[in-house]
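The residues of the chain are indexed from 1 along the displayed sequence.
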Amino acid sequence: MKKLWMIVLALLVIACASALANEKENKIVAMTILGEARGEGKTGMYAVACIISQRSINRKLTPTQVCLQNRLVKGRRIHQFSCWNYTSLTQHGRNRAKLNALLKTKEGEYAMLLASNIHNLKREYVKGADHYCTLNVHNYWTKGQIPVAVIGNHKFFKLKP
C-alpha cells in the first residue's frame, strides 16, 4: 500500500510540474499576442495567434520557441516578434513586466485562452499565412509578395508553400 501511495504522489508531482511548465509557456505565448496585437481587438489577437500556430507547425517548434526565436544581426539579437526586441536589459525587464501585467486585463485573459488553445485555432482565418506586419511597414520580405489577408492594421502573407 505504501508503494502505491508513493507512485500516486510521484504522478501528482509530475502532473503539477507539467501544469506549471505549460502555464509558463502559455504566458510567453499570451504576452507575445498582447505585445503584438492588444490594440487590434479579439480579431487581431486571434490572427496573431494563428501565425504563431502556423509557424509552430512549419518549423516543428513549440509555440513558445516560435515566440522567442531570434537571430543575430550586426551584433544584436533581433526577435521575430517586435514586442521582444529591446536595446538594454533594463528595458527588457520593464517590457516583460509590462506584458506580464497585461495578462491580468480582459485582453490578457483572452490572450491566455488563445495561448492555451493554440493548436486548435482555425488557421484558415488568416488563409494559412505565416507572416504579418503592419499596413504601413514594407519589410524586405514583403517585396513582391501579395497579402493573403488584411485584418485590422495588419497584412498577412503566406511565404511557406
Partners of [X] by side chain to side chain donor-acceptor pair (under 3.5 Å), sequence neighbours excluded?
X	value
N100	none
Q54	N58, R123
T134	N136
T62	Q65

Output every pair passing side-chain hydrogen bond (donor to acceptor under 3.5 Å, both in side chains) with a member in residues 28-39, not counting sequence neighbours, ordered by first then second residue.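 Listed once each, the pairs are T32-W84, E36-S82, E36-Y132.
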Sequence-distant partners of [X], side-chain contact (heavy atoms from CB on, under 4.5 Å), two or more places apart:
X	result
N117	L113, N120
Q145	F157, L159
A115	N26, V29, A30

Using a 4.5 Å cut-off on heavy atoms from C-beta on, say whether the side chain of K27 contacts that of M112.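 In contact.
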Qualifying ring-ring contact (aromatic ring centres under 6.0 Å, His included) pairs with a residue from residues 38-77, counting only residues at least two apart or across chains: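 Checked against ring-ring contact (aromatic ring centres under 6.0 Å, His included) - neighbours excluded - the pairs reaching residues 38-77 are Y46-Y125.
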Sorted by first residue and then second, give each ring-ring contact (aromatic ring centres under 6.0 Å, His included) pair with at least one member in residues 96-123; sequence neighbours left out.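 Residue pairs passing ring-ring contact (aromatic ring centres under 6.0 Å, His included), neighbours aside: none found.
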If you link ILVMFWY side chains whenever their heavy atoms are less than 4.5 Å apart, which other residues fall into the same cluster as V73? By chain and number, please.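 I78, all in the cluster of V73.
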Using a side-chain heavy atom cutoff under 4.5 Å and only I, L, V, M, F, W and Y, what cluster partners does V137 have?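 Noted: V137 shares its cluster with no other residue.
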Donor-acceptor side-chain pairing of Q80 and R55 below 3.5 angstrom: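 Yes, because at least one side-chain N or O of Q80 sits under 3.5 Å from a partner of the opposite role on R55.
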Point-to-point distance, once rounded to the nearest 0.5 Å, from NZ of K158 to CD1 of I51: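 Atom-to-atom, K158:NZ and I51:CD1 are 11.0 Å apart.
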